[in-house]
There are 2 protein chains.
Amino acid sequence: MSLKHAILILLENEPGSGYDLFKRFKTSLGYFWNAKHQQVYLELKKLSEAGWLEFEQQSQDERPDKKVYRVTTAGHRELQDWLKTPCKPNKINDTLLVKLFGGRFTEPESLVAEMKRHRATHTTTLSQLRAIEQTYLNLPADQQAHYRLPYLTLRRGILGEEAWLAWADEVDSALATPPLP
Amino acid sequence: MSLKHAILILLENEPGSGYDLFKRFKTSLGYFWNAKHQQVYLELKKLSEAGWLEFEQQSQDERPDKKVYRVTTAGHRELQDWLKTPCKPNKINDTLLVKLFGGRFTEPESLVAEMKRHRATHTTTLSQLRAIEQTYLNLPADQQAHYRLPYLTLRRGILGEEAWLAWADEVDSALATPPLP
DNA sequence: TGACCCATGTAAGGGGTTACATGATTTG
DNA sequence: CAAATCATGTAACCCCTTACATGGGTCA
């Protein structure tokens with residue numbers, strides 16, 4: 001599982017608390033790796049026990065105390081090993097496609113409505129990703145060079161969402177056409 | 001979770017054994033919903049206990065006995081309810097993207113090699129899907145009408161894989177270009 | 001003879017979700 | 001005044017994966 005390694009990567013970029021990580025998941029990595037806060041905290045505990053992370057308790061005025069985690073040398077080594085190890089192709093488990101596959105057992109209207117809902121989320125995701133892309137493209141060349149690999153993951157998101165929407169067009173026009181005259 | 005409902009759909013199409021279902025997962029539904037045989041058997045047990053399936057023991061000569069499952073009226077009702085209930089957008093957890101995101105902690109060669117491996121699987125998947133599409137397109141019109149919804153899921157697979165490969169081209173050319181002169 | 005197909009399971013463990021729990025401060 | 005943000009966790013549960021287990025038939 002790569003939640004462990006996603007956390008290692010985020011903390012290599014910059015040390016932070018569980019809450020920090022949770023926020024970073026929501027903005028950057030979250031587009032291709034989900035994590036609830038509960039799981040992040042749990043994983044931080046495990047990674048500390050494994051010796052891949054260490055933390056420092058910081059007391060703050062006007063804010064709750066927090067633990068700031070950073071990657072140890074053992075953690076760094078683990079990350080590098082993982083990066084060199086081939087990973088399995090992703091399995092896709094897509095509920096919407098299961099629904100469509102069995103769509104003949106319900107009214108087309110339900111399917112159309114469902115597609116509409118999903119299209120809405122994909123459209124907003126795409127525009128968010130495009131906005132991020134714009135800020136990247138406006139960076140000076142050296143900054144762009146630094147973020148070129150994360151940028152490739154962003155491109156995956158954009159191309160993926162565009163493909164999804166192109167497919168949705170096919171689906172909608174198919175659903176608009178009655179089966180047989 | 002929709003493994004339950006995937007099984008209901010497959011068994012509505014045609015009753016069968018756990019082993020049958022496992023095979024059908026590998027060929028049709030498997031492109032967007034994975035299932036190991038262990039889980040299929042487990043789920044069949046649960047669905048029977050819930051009263052959504054019933055089964056009949058069939059003894060065969062020259063072959064092990066098998067249980068042939070079919071959907072009950074309660075199961076049919078459940079499926080219809082599920083089809084009408086909105087489902088959440090899919091979460092994507094993509095290990096390869098995590099790797100790429102943290103790629104600056106390893107050599108570009110590792111990334112290139114990883115991309116090559118993944119490209120291979122996506123290429124074969126795409127050609128398989130295209131082959132299935134061809135057989136669909138060669139069906140008589142009434143048969144095409146019958147399978148039009150599963151066909152849409154196939155289209156999702158094809159557009160998805162094409163998009164993945166287009167992205168892989170971007171990645172490869174980016175990785176071939178050295179960061180800064 | 002070794003691999004693959006048919007056919008069905010149990011058991012342990014890992015990973016993720018949902019619910020529950022607390023409590024101060026800031027913003028609309 | 002309500003909602004969101006900061007901050008951290010526990011516990012129950014569900015789903016999935018991996019490993020283990022069995023055993024006959026077919027095909028190269």
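So that the names make sense, note that chain A is the first sequence line, chain B the second, and so on, each numbered from 1. These numbers were taken from a predicted model, which means no experiment stands behind them.
With sequence neighbours excluded, the residues forming a salt bridge (charged side-chain N to carboxylate O under 4.0 Å, His left out) with A:E43 are A:K4, listed by chain and number. The salt bridge (charged side-chain N to carboxylate O under 4.0 Å, His left out) search around A:D81 returns none, not counting sequence neighbours.
Taking every heavy atom of both residues into account, B:S127 and B:T124 meet most closely at OG-O, 3.0 Å.
The ring-ring contact (aromatic ring centres under 6.0 Å, His included) pairs that include a residue from residues 144-175 of chain B are B:H122-B:W164, B:Y136-B:Y151, B:W164-B:W167, where partners are two or more places apart or lie in different chains.
Straight-line distance from the CD atom of B:Q57 to the C1' atom of C:dA7: 11 Å, rounded to whole Å. The NZ atom of B:K26 sits 10 Å away from the C1' atom of C:dC4 (whole-angstrom rounding). Regarding B:Y41, its OH atom lies at a distance of 11 Å from the P atom of C:dC6, rounded to whole Å. The NZ atom of B:K66 sits 13 Å away from the C1' atom of C:dC5 (whole-angstrom rounding).
A:V68 and A:V40 fall into different hydrophobic clusters, where Ile, Leu, Val, Met, Phe, Trp and Tyr are joined by side-chain heavy atoms under 4.5 Å apart, directly or via other members. A:I132 and A:L152 fall within a single hydrophobic cluster, where Ile, Leu, Val, Met, Phe, Trp and Tyr are joined by side-chain heavy atoms under 4.5 Å apart, directly or via other members. Placement of A:L11 and A:Y19 in two distinct hydrophobic clusters is found when ILVMFWY residues are connected by side-chain heavy-atom separations under 4.5 Å, directly or transitively.
Here chain B contacts DNA chain D (any atom closer than 4.0 Å to a heavy atom, that is under 4.0 Å), and the contacts span D:dC15 to D:dT26 from 5' to 3'.
The end-to-end axis angle of the helix from C:dT1-D:dA28 to C:dG28-D:dC1, rounded to 10 degrees and based on five pairs per end, is 50°.
Using modelled atom types and a 3.5 Å distance limit, the side chains of A:T135 and A:N138 yield no donor-acceptor pair.
The pair B:E133-B:R155 meets the salt-bridge criterion, since a charged nitrogen lies less than 4.0 angstrom from a carboxylate oxygen.
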Practice task
List the steps, then state whether salt bridge (Lys or Arg N to Asp or Glu O under 4.0 Å) holds for A:E161 with A:R130.
Solution key: CA-CA 10 Å; A:E161 294 298 343; A:R130 281 189 176 144; over 6 Å; no

Protein N or O to nucleotides 15-19 of chain C N or O, pairs below 3.5 Å:
unit_1, atom_1, unit_2, atom_2, d
C:dG16, OP2, A:Q39, NE2, 2.0
C:dG16, O5', A:Q39, NE2, 3.2
C:dT18, OP1, B:K88, NZ, 2.5
C:dA19, N6, A:Q38, NE2, 2.9

